[in-house]
Engineer: 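Can you keep this structure in mind? I'll have questions shortly.
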Amino acid sequence: QVQLVESGGGLVQAGGSLRLSCAASGRTFRSYVMGWFRQAPDKEREFVATITWSGDYTTYGDSVRGRFTISRDNAENILYLQMDRLKPEDTAVYYCAASVYYKRTPEAYGFWGQGTQVTVSS
């Protein structure tokens, strides 16, 4: 089991950058595939990015590919999401999640953080 706590959200102007962090408890962090998802008001939860346990492979959603970068530090039990060239449509609550599967669907992830708000002003 793993507990997840996101941080780093906030208000930023369009074109700016933010880095989200997800701190994981427990010694099993390195055993999990990790992912980022986001949810805007009145919209379904959307896949953002995922990374394998080793960090060797990553996958991105179409809307963020080329602007966002997912990474992890297994020694420190931290997952990151570097977000560059932010757009107003990136505004959402961002969640980190853990899974035993390398998948894009939220249903594959069994552990979730509480979320952190990202707001991008135009």
Side-chain angles (χ1 to χ4, degrees):
Q1 191 160 348
V2 61
Q3 293 182 323
L4 306 171
V5 179
E6 302 94 337
S7 62
L11 174 64
V12 64
Q13 287 189 331
S17 298
L18 278 176
R19 188 175 80 159
L20 304 184
S21 299
C22 173
S25 65
R27 295 177 291 176
T28 58
F29 174 74
R30 64 185 64 203
S31 301
Y32 289 100
V33 170
M34 297 298 298
W36 286 99
F37 293 81
R38 66 187 183 185
Q39 189 163 18
D42 300 322
K43 292 190 176 181
E44 293 187 352
R45 193 160 293 192
E46 178 188 7
F47 168 74
V48 174
T50 185
I51 186 168
T52 55
W53 67 269
S54 65
D56 288 346
Y57 296 97
T58 57
T59 300
Y60 295 91
D62 291 343
S63 60
V64 307
R65 189 178 298 113
R67 299 187 298 121
F68 290 11
T69 304
I70 188 172
S71 62
R72 66 190 297 165
D73 184 337
N74 285 343
E76 298 294 331
N77 284 7
I78 301 178
L79 175 74
Y80 298 103
L81 184 69
Q82 177 66 41
M83 304 186 295
D84 298 318
R85 303 198 308 276
L86 283 159
K87 304 175 182 179
E89 51 263 44
D90 294 320
T91 296
V93 177
Y94 283 71
Y95 299 89
C96 67
S99 175
V100 296
Y101 304 105
Y102 186 61
K103 288 184 178 294
R104 302 161 59 106
T105 54
E107 294 76 16
Y109 291 74
F111 303 99
W112 292 82
Q114 83 290 347
T116 185
Q117 176 71 46
V118 172
T119 303
V120 184
S121 63
S122 57

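As a basis for the values below, the full set of heavy atoms in this structure was taken, side chains included, without hydrogen atoms, waters or symmetry mates.
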Engineer: Ring-plane angle category for Phe37 and Phe47, please: parallel below 30°, perpendicular beyond 60°, tilted otherwise.
Structural biologist: perpendicular
Engineer: Who pairs with Glu46 by salt bridge (Lys or Arg N to Asp or Glu O under 4.0 Å), at least two apart in sequence or on another chain?
Structural biologist: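 Salt bridge (Lys or Arg N to Asp or Glu O under 4.0 Å) list for Glu46, sorted by chain: Arg38.
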Engineer: Might you point out which heavy atoms bring Tyr102 and Thr58 nearest each other, and give the distance in Å?
Structural biologist: OH-C, 3.1 Å
Engineer: Inspect the surroundings of CH2 in Trp53 and state if more than 12 heavy atoms from other residues, nucleotides or ligands are less than 6.0 Å away.
Structural biologist: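 No, not enclosed.
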Engineer: Tell me the closest heavy-atom pair linking Tyr80 and Trp36, and the distance in Å.
Structural biologist: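 Closest pair (atom of Tyr80, atom of Trp36, distance): O-NE1, 3.1 Å.
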Engineer: Looking at Gln3, I want to see if its CD is surrounded by more than 12 non-hydrogen atoms of other residues, nucleotides or ligands under 6.0 Å.
Structural biologist: no
Engineer: Hey, what do you get for OG (Ser54) to CZ (Arg30), rounding to the nearest 0.5 Å?
Structural biologist: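 Going from OG on Ser54 over to CZ on Arg30, the span is 11.5 Å.
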Engineer: Is Arg72 reaching over with its side chain to a backbone N or O of Thr52, donor-acceptor style, under 3.5 angstrom?
Structural biologist: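 At least one qualifying donor-acceptor pair exists.
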Engineer: Quick one: which of Thr116, Leu79, Val5, Leu81 gives a side chain to side chain contact (heavy atoms under 4.5 Å, CB included) with Cys22?
Structural biologist: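 Result: among Thr116, Leu79, Val5, Leu81, Leu79 is the only option passing the side chain to side chain contact (heavy atoms under 4.5 Å, CB included) with Cys22.
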Engineer: Kindly give the heavy-atom pair with the smallest separation between Leu4 and Ala97, and that separation in Å.
Structural biologist: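 It is CD1-CA, 3.8 Å.
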Engineer: Could you tell me which non-hydrogen atom of Thr91 sits nearest to which non-hydrogen atom of Gln117, and how far apart they are?
Structural biologist: CG2-NE2, 4.0 Å
Engineer: Tell me if the centroids of the rings in Tyr109 and Tyr95 come within less than 6.0 Å of each other.
Structural biologist: no
Engineer: Going from CG on Leu18 to CD on Gln82, what distance comes out if it is rounded to the nearest 0.5 angstrom?
Structural biologist: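 Here the interatomic distance stands at 8.5 Å.
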Engineer: Is it possible for you to say whether Phe111 and Val100 belong to one hydrophobic cluster, with membership spreading through side-chain heavy-atom contacts below 4.5 Å?
Structural biologist: yes
Engineer: If you look at every heavy atom in Gly9 and Leu20, which pair is closest and at what distance?
Structural biologist: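 In this case the closest contact between Gly9 and Leu20 is N-CD2, 3.6 Å.
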Engineer: Are there over 12 heavy-atom neighbours, none belonging to Gln1, within less than 6.0 Å of that residue's CD?
Structural biologist: no
Engineer: Between Val48 and Ile70, is there a shared hydrophobic cluster once you connect ILVMFWY residues whose side-chain heavy atoms come closer than 4.5 Å?
Structural biologist: yes
Engineer: Looking at CZ of Phe68 and OG of Ser17, how far apart are the two atoms once the value is rounded to the nearest 0.5 Å?
Structural biologist: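 One gets 9.5 Å once the value is rounded to the nearest 0.5 Å.
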Engineer: Can any side-chain N or O of Ser99 pair as donor or acceptor with the backbone N or O of Ala108 at less than 3.5 Å?
Structural biologist: yes
Engineer: Can you list every pair that meets salt bridge (charged side-chain N to carboxylate O under 4.0 Å, His left out) and has a residue in residues 48-66, with sequence neighbours left out?
Structural biologist: Asp62-Arg65
Engineer: Measure the CD-CD distance between Gln114 and Glu6 for me, rounded to the nearest 0.5 Å.
Structural biologist: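 Gln114 atom CD to Glu6 atom CD measures 4.5 Å (nearest 0.5 Å).
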Engineer: Can you name the side-chain hydrogen bond (donor to acceptor under 3.5 Å, both in side chains) partners of Glu89, sequence neighbours left out?
Structural biologist: none
Engineer: Check step by step if side-chain contact (heavy atoms from CB on, under 4.5 Å) holds for Met34 and Phe29.
Structural biologist: CA-CA 9 Å; Met34 297 298 298; Phe29 174 74; 3.8 Å; yes
Engineer: If you take all heavy atoms of Ala24 and Val2, which pair is closest and at what distance?
Structural biologist: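 Looking at all heavy atoms of both residues, the closest pair is CB-CG2, 3.8 Å.
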Engineer: May I have the step-by-step check of side-chain contact (heavy atoms from CB on, under 4.5 Å) for Tyr60 and Thr69, ending in yes or no?
Structural biologist: CA-CA 8 Å; Tyr60 295 91; Thr69 304; 3.8 Å; yes
Engineer: Dump the intermediate steps for side-chain contact (heavy atoms from CB on, under 4.5 Å) on Asp90 and Met83, then the final yes or no.
Structural biologist: CA-CA 9 Å; Asp90 294 320; Met83 304 186 295; over 6 Å; no
Engineer: State the CZ-OG distance between Arg19 and Ser71, to the nearest 0.5 angstrom.
Structural biologist: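 Nearest 0.5 Å value for the CZ-OG distance: 7.0 Å.
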Engineer: Under 4.5 Å between side-chain heavy atoms, hopping through other hydrophobics if needed: is there a path connecting Leu11 to Tyr94?
Structural biologist: no
